[in-house]
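Written out below as structure tokens is the structure these notes cover.
Just so we're clear, the structure is a prediction, and the values are computed from it rather than from any experiment.
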Amino acid sequence: MIHYKTSEEVQLIKESAQILGKAHGEVAKLVKPGVKTADLDKVAEEFIRDHGGIPSFKGYNGFPASLCISVNEVVVHGFPSGYVLKDGDIISIDCGVFHQGFHSDSAYTYPVGEVSPKVLSLLKATKESLYLGIESAIAGKRIGDIGNAIQKYVEAKGYTVVRELVGHGVGKSLHESPEVPNYGKKGSGPLLKEGMVLAIEPMVNLGTRNVVQERDGWTIRTADRRASAHFEHTVAIFEDRTEILTTHQYIEENFKF
């Protein structure tokens, strides 16, 4: 069942998303070689709680941290740990904030130090595909139009789209209907209508699209251990426009590639 939001509820999600965006910005300042991923998680949690929010991920189905930190071949759901970032890594940081009864959700993949041109191109294409997906997320179109835009763009560049993991609705629950795949056929799936709030999150691989789950029950990595990138925004659909509620502004003030 899809939960359609009122304009007031969308505004509450946007306020949650501002805390989230600023928390991402604080983490972005620290992404460099020599930093432990657990330290990034600590900074994010402290910022979110200091600003009246609750980390959406911490405790969600037993997840132990505030950030999903996924390095190199890890697609999503990696744990913060004692791992020390090194030159040439890439790191996906996914975070959610619960504030005033509503969740927001966004992710960004960073190059750490000097990254190979091939991997840097993957990051750029994945980020670009996110915005192409958002351009297709308009009232009157369908869920399949979003995934088709993402899939068509990245596959034309020789990359692959993860099928087992998808975007989703966002609201009073972190994950709501409908699912938002990053692949699909134009004109297929649920109709996009005013009041829908969606997390659009392409997960794109340098090699095979196949993934495996590690024994911890969470960490998803590429089957061939080649790099994977992940970018995400929460967006709201109105009759006359689509608004990006989350922001990467605070990340990109501190970190550009």
Side-chain angles (χ1 to χ4, degrees), residues 10 13-14 17 20-21 24 70 75-76 90 92-94 104-111 115 117-170 178-194 196-209 211 222 226-252 255-257:
V10 170
I13 297 171
K14 190 173 183 178
L20 173 57
H24 269 296
S70 305
V75 181
V76 286
I90 59 171
S92 164
I93 297 178
D94 190 359
S104 56
D105 192 3
S106 69
Y108 199 91
T109 302
Y110 301 79
V115 171
K118 188 180 288 188
V119 172
L120 199 60
S121 293
L122 169 71
L123 266 58
K124 289 178 178 176
T126 306
K127 184 179 174 186
E128 288 161 1
S129 78
L130 168 62
Y131 290 97
L132 290 171
I134 292 169
E135 283 178 16
S136 293
I138 56 177
K141 287 201 172 190
R142 291 185 178 272
I143 288 289
D145 293 300
I146 300 172
N148 181 265
I150 292 167
Q151 180 183 13
K152 189 175 177 182
Y153 184 74
V154 298
E155 288 185 351
K157 292 181 176 290
Y159 307 126
T160 60
V161 175
V162 174
R163 305 293 180 100
E164 292 83 357
L165 302 148
V166 297
H168 50 91
V170 184
E179 290 190 341
V180 186
N182 297 301
Y183 61 93
K185 294 180 180 178
K186 284 185 177 180
S188 66
L191 185 67
L192 299 172
K193 298 180 183 178
E194 180 164 19
M196 292 174 90
V197 175
L198 306 174
I200 299 173
E201 51 176 323
M203 290 157 269
V204 179
N205 297 346
L206 192 59
T208 179
R209 69 174 177 83
V211 297
T222 57
R226 297 183 75 190
S228 182
H230 175 215
F231 289 84
E232 177 182 22
H233 272 311
T234 299
V235 306
I237 296 174
F238 294 91
E239 199 61 48
D240 60 345
R241 71 189 191 283
T242 295
E243 185 176 348
I244 300 174
L245 303 180
T246 47
T247 178
H248 292 157
Q249 172 193 342
Y250 303 103
I251 292 173
E252 293 173 350
F255 197 104
K256 288 191 176 179
F257 69 88

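- Between the side chain of Asn182 and the backbone N or O of Gly147 there is no donor-acceptor pair closer than 3.5 Å.
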Tell me, with the steps shown, if Leu198 and Leu192 meet side-chain contact (heavy atoms from CB on, under 4.5 Å).
CA-CA 10 Å; Leu198 306 174; Leu192 299 172; 4.0 Å; yes

Would Ile143 and Val180 satisfy side-chain contact (heavy atoms from CB on, under 4.5 Å), going step by step from the backbone distance to the final call?
CA-CA 6 Å; Ile143 288 289; Val180 186; 4.1 Å; yes

Apply side-chain contact (heavy atoms from CB on, under 4.5 Å) to Val10 and Phe238, showing your working.
CA-CA 10 Å; Val10 170; Phe238 294 91; 3.8 Å; yes

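- Using modelled atom types, one finds no donor on one side chain facing an acceptor on the other under 3.5 Å when comparing Tyr183 with Glu155.
- With rounding to the nearest 0.5 angstrom, the NZ atom of Lys193 is 9.0 Å from the CZ atom of Arg142.
- Remark: Met203 CE to Ser92 OG distance equals 9.0 Å, nearest 0.5 Å.
- Here Tyr153 contributes atom OH and Thr126 contributes atom OG1; the two are 9.5 Å apart, rounded to the nearest 0.5 Å.
- Of all the heavy atoms in Ala227 and Leu122, the pair that sits closest is O-CD2, 3.8 Å.
- Between the CZ atom in Arg226 and the NZ atom in Lys118 there is a gap of 5.5 Å [rounded to 0.5 Å].
- Between the OG1 atom of Thr246 and the CD1 atom of Ile244 there is a distance of 7.0 Å, given to the nearest 0.5 Å.
- Under the side chain to side chain donor-acceptor pair (under 3.5 Å) test applied with Ser106, the options His233, His24, Glu232 reduce to a single match, His24.
- Pairing each heavy atom of Asp105 with each of Ala199, the nearest pair is OD2-CB, 4.4 Å.
- Considering every non-hydrogen atom in both Gly133 and Ile146, the closest pair reads O-CG2, 3.7 Å.
- Looking only at side-chain heavy atoms (C-beta outward), Ser70 and Val75 stay at 4.5 Å or farther from each other.
- Within a 6.0 Å sphere centred on NZ of Lys186, other residues, nucleotides and ligands contribute 12 heavy atoms or fewer.
- A donor-acceptor contact shorter than 3.5 Å links the side chain of Thr160 to the backbone of Arg209.
- Counting only residues at least two apart or in different chains, side chain to side chain donor-acceptor pair (under 3.5 Å) contacts with residues 234-245 comprise Lys14-Glu243.
- Between the side chains of His230 and Thr109, not a single donor N or O lies within less than 3.5 Å of an accepting N or O.
- Shortest non-hydrogen contact noted between Val161 and Gln151 is CG2-CA, 4.0 Å.
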Please walk me through it: do Asn148 and Lys141 pass side-chain contact (heavy atoms from CB on, under 4.5 Å)?
CA-CA 12 Å; Asn148 181 265; Lys141 287 201 172 190; over 6 Å; no

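- The nearest pair of heavy atoms linking Leu245 to Ala236 is CD1-CB, 3.8 Å.
- For the pair Ile150/Ile200, a side-chain contact is recorded, criterion being any heavy-atom separation below 4.5 Å from C-beta on.
- Applying the ring-ring contact (aromatic ring centres under 6.0 Å, His included) test to Phe255 and every residue at least two apart in sequence or in another chain returns Tyr110.
- Taking each heavy atom of Ile138 and Glu135 in turn, the nearest pair found is CG2-O, 3.7 Å.
- Atoms OH and CG, on Tyr159 and Asn205 in that order, are 11.5 Å from each other to the nearest 0.5 Å.
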